[in-house]
Number of protein chains: 2
Amino acid sequence: MDKPVTIYDIAKKVNASAATVSRVLSNSSYPVSLEMSKKIRKVAEELKYSPNMLGRQLKKNNSMTIGVIIPSISNPFYSEIVLGIEEVARNNGYHVLLCNTHQSLELEHEYLQTLIEKQVNGLIISSVILNKDMLSEYIRRKINVVSIDQMIEDADIYQIGFDYRKGGYMATSHLIAKGHRKIAFVTAPLDRPSRKGTYRGYLEALEDYGIKPLESWLQVSERGEEGIEGGTWEFAIGKKLTQRLLSLEQRPTAIFACNDMIAFGVINELNNQGIEVPGEMSVIGFDNIEMTQMIYPPLTTIGHPKYEMGRFAGNMLFDLLKGVESNIKEVVLQPKLIERKSVEVLLDEER
Amino acid sequence: MDKPVTIYDIAKKVNASAATVSRVLSNSSYPVSLEMSKKIRKVAEELKYSPNMLGRQLKKNNSMTIGVIIPSISNPFYSEIVLGIEEVARNNGYHVLLCNTHQSLELEHEYLQTLIEKQVNGLIISSVILNKDMLSEYIRRKINVVSIDQMIEDADIYQIGFDYRKGGYMATSHLIAKGHRKIAFVTAPLDRPSRKGTYRGYLEALEDYGIKPLESWLQVSERGEEGIEGGTWEFAIGKKLTQRLLSLEQRPTAIFACNDMIAFGVINELNNQGIEVPGEMSVIGFDNIEMTQMIYPPLTTIGHPKYEMGRFAGNMLFDLLKGVESNIKEVVLQPKLIERKSVEVLLDEER
DNA sequence: CTGTTAGCGCTTTCAG
DNA sequence: CTGAAAGCGCTAACAG
């Protein structure tokens, strides 16, 4: 078992000191004669030297790594965000340590801790359960954290959010503009800021147009088993909630789902029961994940700039790491209506 | 800016040596008096000590990290695999450094290199472009690597594959069993072992049943722009290739897509053109990603044990890291027909 | 049971 | 321009 080659091995071979070798191989600005420099590089090549970053990182106290904590990478919503973050991390020479909490408070805690131990330089987090206190360790250690998508109340961290309320309002008023009055809202539990916001937007739109919401048109699912809350679960609740809706005496003419996965479930169940979308029932989703273009009919939904949010958060974090202080601590990204084919105008006589 | 607390700070406070502190805080089996041990833990708590893993890792020459290289996490096929790997990594106390190559040879090279520099203990890779030579550095350094899904020819590494040929055979013979004779194969470029295998299976099934394949029923897309080859691209080629198929004089009665994303494109185009699935055209996919259950009609496809493949690869790797040598270097996972609703029997008179 | 010492691989003063 | 030496935080012989 041949020992890994270090700068000392190279130093010996070229009759130089480890310091000099380090200086050239780490591209330091420190002056080294061209001749020496060349020789060192040549030998490094020959010996197939590759630096041990642990050494450097320990010395510099800089891991060149940022942590990213999200519920689950298998959720396409998050995978787009992560792709955005990764791109800017790579451009800055950083690596990403990705952590999937699977909605488990315990796991989230654990990751928060090990990321500190691994000496991450910064953290980007989209947490469902996080509060200010849990981040205190980071703040104390002056590790920069930026929170995305889910706002954390009055924590002293940078946040980049999304206006869910407005999105909910847009979706609902679009439906109203198309002539719908009986609009159901189908959602996973209203336990996160994002969903609460969307729901508020829904309510406000109805109110602004003088529509009194029927209680039974708000369909909220039970909490899912933590951990298995993948796309399948959301799809399933979309189906179940739709069944309930269809068994109502007063059926709605349009369904607003709090996210696209649930909307897929809604449409699927509608199809199963032979109800045509959008002919007999309009459906609108939320998030605009890639798949919305791929189903039939293509889903009308609310656009959420996921990739951009990731890039934005990444850039913000790296600015902070570079010491570029900003006094903008909070930015809110804006929703956008994406019209496709799952919503149809409702004629007066059908109301 | 308060300096991070180290074991020395604790040692000073309790009048012990750093060694002793290290012994208790790293849960070493080395004997330390209960009294001392308690005191140390208490002070560690008070000082909010958290170990710097870089120090330990450098000393132990063990990063407790494995690298995972895949094309893109935004592809649901890979995200499931990764979830499987992550689970076993976590159970073993390891972290995963995830790298998305976006089909770029350059990026792949770069990652291969930086992972070595970061001193990963092992590597799991599903590479499209990898060959034996590119792994030589790893082999030389005795870093264990296990390759998944895409077999690498006669490299001295562990491999866990999937029988694409058999999958292709199963899909095609299922179609044949349902009465189809005019079966098109719609695929991304046949430049990877997996797709080649699937295609071979398709051919063999046709031959076994005495069906001569029409050349125009093999529809291969052009290469996509590297990097943007996400789900949208595959969806798009599914659509485009279907258009070509439909413009043929001799139309097929069934379409076999080399993966589910492409199958979604196929179905979408069929829908657009008012062709009913499966009534007028049967469609079968490949991979059984989650979304296949969510579209309408639910897609008949070939099951690929993605999550299990991830777990399998992870377990194999950790066995190797633990020194459990195995003489099984190659294992091939098996396909499974998943019957849903996108294939219909073709009556004799329709042939 | 505890402490001393050396050193993992690298960078960085500080002197030459 | 080059080198010697110290040290990042931690662990592991070795000696007591």
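The sequence lines fix the lettering, A, B, ..., with proteins before strands; numbering per chain opens at 1.
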So what is the end-to-end bend of the helix from C:dC1-D:dG16 to C:dG16-D:dC1, with 5 pairs used at each end and the value given to 10 degrees?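 Taking the rotation axis at each end, their angle is 40°.
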What's the closest nucleotide to the side chain of [X] if the choices are [options]?
X	options	answer
A:Arg23	D:dG3, D:dT11, D:dA12	D:dG3
A:Arg56	D:dA12, D:dC10, C:dT11	C:dT11
A:Ala19	D:dC8, D:dC1, C:dT12	C:dT12
A:Pro31	D:dC1, D:dC10, C:dC10	D:dC1

Distance, rounded to the nearest Å, where [X] contributes [atom1] and [N] contributes [atom2]:
X	N	atom1	atom2	answer
B:Asn62	C:dG9	CG	C1'	16 Å
B:Asn27	D:dC10	CG	P	14 Å
B:Ile40	D:dC10	CD1	C1'	14 Å
A:Ile7	D:dA5	CD1	C1'	13 Å
A:Lys12	D:dT2	NZ	C1'	19 Å

When you measure only distances, ignoring hydrogens and angles, does the side chain of A:Tyr8 come within 3.5 Å of the base of C:dC8 through a donor and an acceptor? no
For a quick check, tell me whether the side chain of B:Tyr30 and the base of D:dC14 share a donor-acceptor pair closer than 3.5 Å. yes
Side chains of [X] and [Y]: does their closest heavy-atom pair fall under 4.5 Å?
X	Y	answer
B:Met36	B:Val24	no
B:Leu321	B:Tyr94	yes
A:Ile66	A:Leu123	no

Under 3.5 Å, is there a donor-acceptor pair linking the side chains of [X] and [Y]?
X	Y	result
B:Thr101	B:Ser104	no
A:Lys38	A:Ser33	no
A:Ser127	A:Glu108	yes

Just to confirm, is there a sub-4.0 Å distance from OP1 or OP2 of [N] to any side-chain nitrogen or oxygen of [X]?
X	N	result
A:Ser22	C:dT11	yes
B:Thr6	D:dG9	no
A:Thr20	D:dG3	yes
A:Ser17	D:dG3	yes

If you look at every strand shown and take non-hydrogen atoms under 4.0 Å, does [X] touch a base, only sugar-phosphate, or nothing?
X	value
A:Ser28	nothing
B:Leu54	nothing
B:Asn15	sugar-phosphate

Does anything in residues 74-91 of chain A pair up under salt bridge (Lys or Arg N to Asp or Glu O under 4.0 Å), and if so which pairs, sequence neighbours excluded?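 Residue pairs passing salt bridge (Lys or Arg N to Asp or Glu O under 4.0 Å), neighbours aside: A:Glu87-A:Arg311.
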Using atom types as modelled and distance alone, determine if a side-chain donor or acceptor of A:Tyr78 lies under 3.5 Å from a backbone N or O of A:Ser126. no
